[in-house]
Amino acid sequence: MAHLSHKTLVSLMSEHEAEEGQSNILGSFSSWPHRLEKAFPVYAMGIPNPALDSSLHNSECLDPIWDAIRKEAKLEAFKDRDPACLSYCSALLYMKGFQSLQVYRVAHALWGQGRKILALALQSRISEVFGVDIHPAAKIGDGILVDHGTGVVIGETATIGNRVSLMQGVTLGGTGKETGNRHPKVAEGVLIGAHASILGNIRIGECVMIAAGSLVLQEVSPHSIVAGVPAKVIGRVHDHYPSLTMQQDETTENDYIN
């Protein structure tokens, strides 16, 4: 990236400052970030000066919102579990599963404040843009991976524990026969394969693995592997958190339950 010249930087200052002879601020690099950061992102300023670089890394010069975003990105699951994720920045900028989850969290906060119309408007927009439909009243924990994201549906009374991984096309929905508390409760560490559907007010125990394409209509005990339509227990999970290892083919013939 080409560096901005001193002449260009001077022209960016207000005419009022130039008329009052304040162009001598070019001699003081430490004052630049405060004046330019409002007009230019730090990464686009391109000024190779050690004094400036050190001032940009000073916590007093950084945007606290951006600091929070960076810290939260490091806590997310996408970088660790998705081999297609090259960096935290790529998750933040390009992965719609991550993006839709973050917008859901805003909508969920609005729902909790009683601003339900705005929350539902965000839900509608997420669904339109990302193809991910998460009701703002749903309760979702930390360290969640929504891989690819397309076709994911999470109902109003669904809950998802920490460190859960959901592949594309997963549905946490109702059976159509219930009202009130009618959606699944997914415990910590669960791995849900692509296009699996979990329907009704049922509990999925800790560290369960649900195979791709399964239809789950009954509660599943912890550390079970289920598959089929309707889903049945076919084995046991050996890893403590299948959602972290993302190994969906780890069972052997001896693991299967007839």
Side-chain angles (χ1 to χ4, degrees), residues 65-82 84-85 87-174 180-204 208 210 216 241 243-244 246:
I65 296 178
W66 180 242
D67 277 346
I69 291 173
R70 292 174 60 191
K71 291 177 181 177
E72 290 173 4
K74 291 181 180 180
L75 295 176
E76 289 297 330
F78 288 78
K79 178 64 171 65
D80 295 329
R81 297 180 222 165
D82 188 349
C85 184
S87 65
Y88 295 116
C89 287
S90 66
L92 181 66
L93 296 174
Y94 308 122
M95 300 218 165
K96 65 180 182 180
F98 174 83
Q99 294 170 340
S100 61
L101 190 59
Q102 301 316 306
V103 181
Y104 148 78
R105 296 196 186 283
V106 174
H108 181 70
L110 293 170
W111 186 273
Q113 296 171 2
R115 304 169 69 182
K116 295 185 177 181
I117 299 300
L118 181 55
L120 291 171
L122 280 177
Q123 176 195 3
S124 177
R125 185 59 176 164
I126 296 170
S127 179
E128 179 183 359
V129 174
F130 299 121
V132 178
D133 193 354
I134 307 176
H135 196 284
K139 297 178 181 178
I140 301 178
D142 299 325
I144 305 298
L145 171 65
V146 181
D147 197 12
H148 299 290
T150 302
V152 169
V153 177
I154 301 175
E156 177 182 6
T157 60
T159 63
I160 300 176
N162 297 332
R163 293 184 286 277
V164 170
S165 294
L166 302 89
M167 308 302 287
Q168 68 271 18
V170 167
T171 297
L172 304 181
N181 194 359
R182 61 196 183 278
H183 296 113
K185 311 297 181 284
V186 180
E188 183 173 3
V190 173
L191 171 59
I192 307 177
H195 300 286
S197 295
I198 307 172
L199 306 180
N201 183 19
I202 58 176
R203 176 175 171 80
I204 308 301
V208 163
I210 299 176
V216 184
Y241 287 109
S243 60
L244 302 185
M246 300 293 290

From CA spacing to verdict: side-chain contact (heavy atoms from CB on, under 4.5 Å), I126, Q99: CA-CA 9 Å; I126 296 170; Q99 294 170 340; over 6 Å; no

Over all atoms of both residues, closest heavy-atom pair of V132 and G149: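 Minimum heavy-atom separation between V132 and G149: CG2-O, 3.1 Å.
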
Minimum-distance pair of heavy atoms, taken over all atoms of I154 and A138: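 I154 and A138 have their closest heavy atoms at CG2-CB, 3.9 Å.
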
R105: side chain to side chain donor-acceptor pair (under 3.5 Å) partners, not counting sequence neighbours: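 R105 satisfies side chain to side chain donor-acceptor pair (under 3.5 Å) with no other residue.
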
Which residues share a side chain to side chain donor-acceptor pair (under 3.5 Å) with S127, sequence neighbours left out: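 Not a single residue meets the side chain to side chain donor-acceptor pair (under 3.5 Å) criterion with S127.
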
Distance in Å, D147 CG paired with I144 CD1, rounded so as to fall on 0.5 Å steps: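 It is 13.0 Å, given to the nearest 0.5 Å.
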
I140 side, atom CD1; L101 side, atom CG - distance, nearest 0.5 Å: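 Output value for this atom pair is 5.5 Å.
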
Backbone N/O of D142 and side chain of N162: donor-acceptor pair under 3.5 Å: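 Side chain of N162 to backbone of D142, a donor-acceptor pair under 3.5 Å: yes, one is there.
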
Sequence neighbours excluded, every pair satisfying ring pair (Phe, Tyr, Trp, His ring centres under 6.0 Å) that has a member inside residues 113-137: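 Counting only pairs at least two positions apart or across chains, the ring pair (Phe, Tyr, Trp, His ring centres under 6.0 Å) contacts touching residues 113-137 are W111-H135.
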
4.5 Å side-chain heavy-atom contact, V146 and I134: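 Heavy-atom side-chain distance check fails, nothing below 4.5 Å.
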
For residues 182-193, run the donor-acceptor check on the side chains, cut-off 3.5 Å, and write out each pair with its distance to 0.1 Å, sequence neighbours left out.
unit_1, atom_1, unit_2, atom_2, d
R182, NH1, G180, O, 2.8
R182, NH2, E156, OE1, 3.0
H183, ND1, E156, N, 3.4
H183, ND1, T157, N, 3.0
H183, ND1, T157, OG1, 2.8
K185, NZ, T157, O, 3.2
K185, NZ, N181, OD1, 2.7
K185, NZ, H183, O, 2.5
K185, NZ, N201, OD1, 3.0
E188, OE2, R163, NE, 3.2
E188, OE2, R163, NH2, 2.0
E188, OE2, Y241, OH, 3.2

Pairs involving residues 193-203, ordered by first then second residue, that meet salt bridge (charged side-chain N to carboxylate O under 4.0 Å, His left out) (sequence neighbours left out):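 Those involving residues 193-203 are R203-E206.
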
Residue of the set I204, L172, L199, T171 for which side chain to side chain contact (heavy atoms under 4.5 Å, CB included) holds with V216: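 Of the listed residues I204, L172, L199, T171, the side chain to side chain contact (heavy atoms under 4.5 Å, CB included) partner of V216 is I204.
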
Side-chain polar contacts of residues 114-123 - donor-acceptor pairs under 3.5 angstrom, sequence neighbours left out - could you list them?
unit_1, atom_1, unit_2, atom_2, d
Q123, NE2, D133, OD1, 2.7

